[in-house]
2 protein chains.
Amino acid sequence: MALIKRNTWQREAVRKALASSPSFVSAQQLHAKLESAGSAIGLATVYRALASLAEMNEVDCLNSPEGEQLYRSCASGHHHHHLICRSCGKAVELEADTVEKWTAAVAKQHGFTEVSHVVDMFGTCAECSASSE
Amino acid sequence: MALIKRNTWQREAVRKALASSPSFVSAQQLHAKLESAGSAIGLATVYRALASLAEMNEVDCLNSPEGEQLYRSCASGHHHHHLICRSCGKAVELEADTVEKWTAAVAKQHGFTEVSHVVDMFGTCAECSASSE
DNA sequence: TTCTTATTGAGAACTCATCTCAATATAGGC
DNA sequence: GCCTATATTGAGATGAGTTCTCAATAAGAA
Ligand SMILES: [Mn+2]
Ligand SMILES: [Mn+2]
Ligand SMILES: [Zn+2]
Ligand SMILES: [Zn+2]
């Protein structure tokens, strides 16, 4: 149990690498990026840093259709969802009260409690569809 | 490339096992269930049957928060989403035009194409929350 | 029945992720 | 600044879920 949090250059490197990109990336992509930039950070540490940053809501985390977890640095403190480009990972943050209300109403109507929801959209962004022609 | 589809007792066993349950199950759960019922079906075959049935929209498939794929037999031919019990897998089928329209509008607004969406809700059903007290 | 070939199943292989544990480095107390 | 307790690291092992390999089997057309 980590009672005290220490600051390490590894955690900071992960934070910076994430902040410098508007795209969702996997832990392995991020590790490769850091390594190719000369960093000697370990893969396990990248996984730990991402999990920790996600825990304190500094980064968003979602599951790709392929089943791997993708991360992106998050400024907004508000609850939101994403529209993500399948090819470059670029994402748009979305807020939708109507969807939030719908989920709450549906859960209540069917007697479900402790309900969480997943609302993600995956497509091809304008730039990627332009460059693929 | 499977040009011709053959009917095997294995595929039929998977179909029946799915049809007999209102809950989402994993491939391994389904395999265990079949084995304990006396069937000698192989695990790889269960995986293949589920993928094939999902491909032809005979079963619904979704990714659990834990990262495994869950399957459930699907009668309705319409596009829909699910409210799933985390503890027993029981699911309610949901249709929501407002959500469908919102996703389409948002995708268009941001210039994304080929957009698919994931809308799942996970909670505790009334029965499960009653029996856990 | 015969023959072609789609399908099966045991186990290997693969991917993503977490765990182990000895070595290291941080931060607080002096 | 130095010491010390311990949080953190990283290489490799391990685990979970899924797919692949390939020889054996069996479905279905002729
Ligand atoms: Mn929401
Ligand atoms: Mn929908
Ligand atoms: Zn793109
Ligand atoms: Zn339940």
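The sequence lines fix the lettering, A, B, ..., with proteins before strands; numbering per chain opens at 1.
- Judged by closest nucleotide on DNA chain C, Asn7(B) is the one of Asn63(A) and Asn7(B) placed further toward the 5' end.
- For the pair Arg6(A) CZ and dA7(D) P, the interatomic distance rounds to 6 Å; values are reported in whole Å.
- The closest side-chain donor-acceptor pair between Arg86(A) and Thr124(A), if any, does not fall under 3.5 angstrom.
- In this structure, a donor-acceptor pair under 3.5 Å is present between the side chains of His79(B) and Glu100(B).
- Which of dT8(D), dA6(C), dT18(C) sits closest to the side chain of Tyr47(A) comes down to dT18(C).
- If you take CD of Gln29(A) and P of dA17(C), they are 11 Å apart, rounded to a whole angstrom.
- Side-chain contact between Ser21(B) and Lys33(B) is present, with heavy atoms from C-beta onward closer than 4.5 Å.
- Classified by interplanar angle (parallel below 30°, tilted 30° to 60°, perpendicular above 60°), the ring pair Phe24(A)/His82(A) is perpendicular.
- Whole-Å rounding puts the Tyr71(B) OH to dG17(D) P distance at 13 Å.
- Atom-to-atom, NE2 of His31(B) to P of dT18(D) comes out at 14 Å; the value is rounded to the nearest Å.
- Salt-bridge annotation for Lys90(A) and Glu127(A): present, with a side-chain N of the basic residue lying under 4.0 Å from a carboxylate O of the acidic one.
- Across all strands, Gln69(A) comes closer than 4.0 Å only to sugar-phosphate atoms, never to a base (heavy-atom distances).
- The separation between Glu12(B) atom CD and dA27(D) atom P is 13 Å, rounded to whole Å.
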Nucleotide N/O of nucleotides 9-13 of chain D paired with protein N/O under 3.5 Å:
residue: dT9(D); atom: OP1; partner: Thr8(A); partner atom: OG1; Å: 2.9
residue: dT9(D); atom: O3'; partner: Gln10(A); partner atom: NE2; Å: 3.0
residue: dG10(D); atom: OP1; partner: Gln10(A); partner atom: NE2; Å: 3.3
residue: dG10(D); atom: OP1; partner: Ala40(A); partner atom: O; Å: 3.4
residue: dG10(D); atom: OP2; partner: Gly42(A); partner atom: N; Å: 3.0
residue: dG10(D); atom: OP2; partner: Thr45(A); partner atom: OG1; Å: 2.5
residue: dG10(D); atom: N7; partner: Arg48(A); partner atom: NH2; Å: 2.4
residue: dG10(D); atom: O6; partner: Arg48(A); partner atom: NH1; Å: 3.4

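- Counting heavy-atom neighbours within 6.0 Å of Glu114(A) CD, excluding the residue itself, gives a total of 12 or less.
- Contact record, Cys61(B) with Tyr71(B): SG-CE2, 3.6 Å, taken as the closest heavy-atom pair.
- If you take CZ of Arg15(B) and P of dT7(C), they are 12 Å apart, rounded to a whole angstrom.
- Residue Ile4(A) contributes atom CD1, which lies 8 Å from atom P of dG28(C) at whole-angstrom precision.
- Atom CD in Glu68(B) sits roughly 13 Å away from atom P in dT19(D) (whole-Å rounding).
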